[in-house]
There are 2 protein chains.
Amino acid sequence: MTAKPKGARNKRSQGTDVSPASEKGPNSEPPLSLERIVTTAVELLDAHGVDGLKMRQLADRLGSGAMSLYWHVDNKEQVFDLALDSVLKYCGPPQSVQSQDWRGDVIHMLEDWRASMLRHPWSASLLPRRALGPNILGRLELLSKTLSRAGVTDADLNVAIWSLWNYVIGATITRASFDLSDDDRAAAQQRLTGLSEQYPTIERSRLLMDNDWDGAFRKGLDFLLDGLAPKQ
Amino acid sequence: MTAKPKGARNKRSQGTDVSPASEKGPNSEPPLSLERIVTTAVELLDAHGVDGLKMRQLADRLGSGAMSLYWHVDNKEQVFDLALDSVLKYCGPPQSVQSQDWRGDVIHMLEDWRASMLRHPWSASLLPRRALGPNILGRLELLSKTLSRAGVTDADLNVAIWSLWNYVIGATITRASFDLSDDDRAAAQQRLTGLSEQYPTIERSRLLMDNDWDGAFRKGLDFLLDGLAPKQ
DNA sequence: ACCTGAACACCGTTCAAGT
DNA sequence: ACCTGAACACCGTTCAAGT
């Protein structure tokens, strides 16, 4: 329960000639900071997935002793929270000054959200289980404001937001986990072919292969928006 | 790589007077079987969540030595696969003989699917990450067949199925994880209230509380079906 | 204020062995 | 064919201590 540093603070010049970033020099590392911990955690998560993030390995990669992390961070859960939200920052649509195209703005934000999560395939499945960080709250606030301005009533607002949330989360988790396991997917389709008399329809359409995920995502999103918001 | 039993086989009479089912009698347990393992695994998952299932505890609860499980099962992953699919069985709509109401049939199956997963809150988040078992494949086959009969062309079929899948998965995972942590949710809304100048819109609509999840689910589903399938 | 190594509790799984 | 205990490798975290 002792006080701990919260925000990121000191930016230091990077001019000194250290070994290339991919090297694990056992010395001459900059001191630990929340910033460095989160950056490195994201790298490890990208490389090894949710189950592949180990506190010891993370400390090792940062060039510090195994237990030094625990001064900056309460526990592993918090590392997940920070890494997750760090990946969800949104900078807004291209030219944003009170755009008239609310639908375009919504689609831009949601497609960017999905793309950010697909760049870090561990993130989507983590998001529903963790506390909502500032970046994801910022996205929800922006979404609310845009839909509200587009004419969605307060009574319908929460339904609209959660429908879109559900759709984006489901689509991204599914897409990411199918991406993770190409072999598994092929094996599954293979196994399915062996049982083609039990599952003739999905076997015929090759449901588990050859899908236009991006197109399908956009199409379903259009249908939802058609229903959720009044046509202008 | 030695041969192992696959299907469930011997049904044995249960007439002998043993201790009541909730007792952990150290002896007089029936022998291990895939069936018993899966049933007990589901119980433990319901009680303690995904992270709360331990192989030792599972064996203990079954009244057998810690390592006996590994004769019936390859590893913990397989326990997850079996428990997951066991929870997804579908018995079909009420009176099913070639129903004319394809839309009602689809909605019935999807709402039943969602309800089954909500009864076992660990299941939804597991489903996208694991291999597809026979029960979930059966649901997808039925969905394909119904939509196909309703006039969805082969070219549009996969898009339709995945859109619905994404929506159901996203909605259920989100709902289940919010259910799991009532306190956390209240705390989150509380924290949000403290930052109301940063997130005024979602604060005002109390996005994180008081939601009609069932109604929202049904509404979004209707919108999707409107878009995906031709009006009759 | 910041970092560290030793140690603890826990957990999945291998293995050689029992019946 | 089916079950078992001992043992291994691994991992998050506590603690008492260093600078």
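A note on names: the letters A, B, ... follow the listed sequences, proteins ahead of strands, and every chain is numbered from 1. As the structure is a computational prediction, the values presented were derived from the model and not from experiment.
- Of the candidates D/dT13, D/dT4, C/dC3, the closest approach to any side-chain atom of B/S64 belongs to D/dT4.
- Taking atom CE on A/M55 and atom P on D/dT14, their separation rounds to 10 Å, with Å as the unit.
- Taking the side chain of A/R56 as heavy atoms from C-beta on, and the options C/dC11, D/dC2, C/dA7, the nearest nucleotide is C/dA7.
- In this structure, A/M67 reaches the bases: a heavy-atom distance under 4.0 Å links it to at least one base atom across the strands shown.
- Per the geometry, NE2 belonging to B/H48 stands 15 Å off P belonging to C/dC10, to the nearest Å.
- For the pair B/L69 CG and D/dC2 P, the interatomic distance rounds to 14 Å; values are reported in whole Å.
- When atom types are taken as modelled, the side chain of B/W122 and the backbone of B/H48 share no donor-acceptor pair closer than 3.5 angstrom.
- Rounding to whole angstrom units, CH2 of residue A/W71 and C1' of C/dG5 are separated by 19 Å.
- Atom P of nucleotide D/dC11 and atom CG of A/L58 are separated by 13 Å, given to the nearest angstrom.
- In this model, the phosphate group of D/dA1 is not approached by any side-chain N or O of B/H72 to a distance below 4.0 Å at OP1 or OP2.
- Salt bridge status for A/D60 with A/K54: absent, with no side-chain N to carboxylate O gap under 4.0 Å.
- Between A/D85 and A/R130 there is no salt bridge, since no side-chain N of the basic residue sits under 4.0 Å from a carboxylate O of the acidic one.
- Closest contact between the side chain of B/L32 and the listed nucleotides D/dG12, D/dC3, C/dT13 involves D/dC3.
- The listed nucleotides are C/dT13, C/dC3, C/dT4; the one nearest the side chain of A/P31 is C/dC3.
- Qualifying side-chain contact (heavy atoms from CB on, under 4.5 Å) partners for A/L62, counting only residues two or more places apart in sequence or in other chains: A/L32, A/R36, A/I37, A/T40, A/L58, A/S64, A/L69.
- B/R175 forms no cation-pi arrangement with B/F217, by the criterion of a distance under 6.0 Å to the ring centre and an angle within 45° of the ring axis.
- Rounded to an integer number of Å, the gap from NZ of B/K76 to P of C/dC11 is 9 Å.
- Using a 4.0 Å heavy-atom criterion, one finds that A/L53 contacts the sugar-phosphate atoms exclusively.
- For B/I37 and D/dC2, the CD1 to P distance is 12 Å, given to the nearest whole Å.
- Using N1 to N3 plus N6-O4 or O6-N4 for Watson-Crick, or N1-O2 and O6-N3 for G-U wobble, each under 3.5 Å, C/dA9 pairs with nothing.
- Side-chain atoms of B/S68 lie closest to D/dT4 of the nucleotides D/dG12, D/dT4, D/dA7.
- Across all strands shown, D/dT19 forms a Watson-Crick or G-U wobble pair with C/dA1, both key distances being under 3.5 Å.
- C/dT13 atom C1' lies 5 Å from atom OH of B/Y70, rounded to whole Å.
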